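Everything numeric here is computed off the predicted structure, so don't read it as measured data. Ligands are counted one by one from 1 in listed order, and the atoms in each one are counted from 1 as well. In this chain, numbering begins with 1 at the start of the sequence shown.
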Amino acid sequence: MALFSTDAKAKALAAAPLLQGLAKRELRELAKVTEDLDFAEGKVLCREGDWAREFFVIVDGEARVSKKGRRVAMLAPGAFFGEIALLERIPRTATVTAVTPLRALVLTSQTFWSLVDRHPGIERKILRALVERIRRTEVDDPTLR
Ligand code: CMP
């Protein structure tokens, strides 16, 4: 069941820092091909090692990012996740779990790529976030030492 109308989804998309700069018309187009989903607290949205391709933008609620069972980050409304498996065509690099009831907008791989292709600014924001995420992730894999 759709939770949001196209207008409400466009508004939620506009609130995400990643998508700031998109014209109203583009936000509406994007909203039409974006799924809005409601998740219960505790729901695993991405599981480390799984092959999956969705890209998520959090509208409401918080999520925990963990690697090998250890928390590496918390994500708040406006944050996005799921970009790494998409960009690199590798399994999920972390587990992302809703720690509160969570609403998210979910983009398919196809929608994600057409967005990135049309907006170099979005690609740059994703790259910057990636660098930050890498910088903040502790290396605890003994094979890397
Ligand atoms: P992906 O690997 O597709 O699925 C798990 C997601 O968790 C990953 O994409 C990133 O979006 C996110 N993620 C992984 N590592 C970190 C980190 N150190 N900080 C914040 N988010 C992360």
Select the closest option to atom 13 (N) of ligand 1 among V65, L87, T95, judged by heavy-atom distance.
V65
Please indicate whether any nitrogen or oxygen in A85 is less than 3.5 Å from any nitrogen or oxygen in ligand 1.
yes
The complete set of side-chain hydrogen bond (donor to acceptor under 3.5 Å, both in side chains) pairs with one or both residues in residues 20-31, sequence neighbours excluded, reads D7-R28, E26-H119, E29-K32
List ligand 1 atoms under 4.0 Å from F81, heavy atoms only on the residue side.
11 (O)
How long is the span from the CG atom in L102 to the CG atom in L37, to the nearest 0.5 Å?
10.0 Å
Between the candidates E48, R133, R71, which shows the shortest non-hydrogen contact distance to atom 20 (C) of ligand 1?
R133
If we number the atoms of ligand 1 from 1 as shown, the ones under 4.0 Å from a heavy atom of A94 are 5 (C), 7 (O), 14 (C)
So that I can tick it off, tell me whether D50 and R92 are bridged by a salt bridge, with the cut-off set at under 4.0 angstrom between side-chain N and carboxylate O.
no
d(L18 CG, L115 CG) to nearest 0.5 Å is 7.0 Å
Which residue owns the protein heavy atom closest to atom 11 (O) of ligand 1, what's the atom, and how far is it?
E83 OE1, 2.5 Å
Between F55 and F80, is the ring centroid distance below 6.0 Å?
yes
Any chance you could measure L87, atom CG, to S109, atom OG, to the nearest 0.5 Å?
10.0 Å
What part of A73, side chain, backbone, both or neither, has a heavy atom within less than 4.0 angstrom of ligand 1?
side chain
What's the shortest distance from atom 7 (O) of ligand 1 to any protein heavy atom, and which residue and atom give it?
V96 CG2, 3.6 Å
Nitrogen or oxygen atoms of T93 and ligand 1 under 3.5 Å apart
yes
Got the closest protein heavy atom to atom 15 (N) of ligand 1, with its distance?
K67 CE, 3.9 Å
Residue, atom name and distance, where the atom is the protein heavy atom closest to atom 18 (N) of ligand 1
T137 OG1, 2.5 Å
Can you report which non-hydrogen protein atom sits closest to atom 3 (O) of ligand 1, along with the distance?
R92 NH1, 2.7 Å
When rounded to the nearest 0.5 angstrom, what is the spacing between CZ in R133 and CD1 in I126?
9.5 Å
Please round to the nearest 0.5 Å and tell me the distance separating atom CG of D60 and atom OG1 of T100.
8.0 Å
Judging by distance only, is a nitrogen or oxygen of G82 under 3.5 angstrom from one on ligand 1?
yes
Hey, is V72 touching ligand 1 through its side chain, its backbone, both or neither, going by heavy atoms under 4.0 Å?
side chain
Can you sort out the partners of T93 under side chain to side chain donor-acceptor pair (under 3.5 Å), two or more places apart, ordered by chain and number?
none
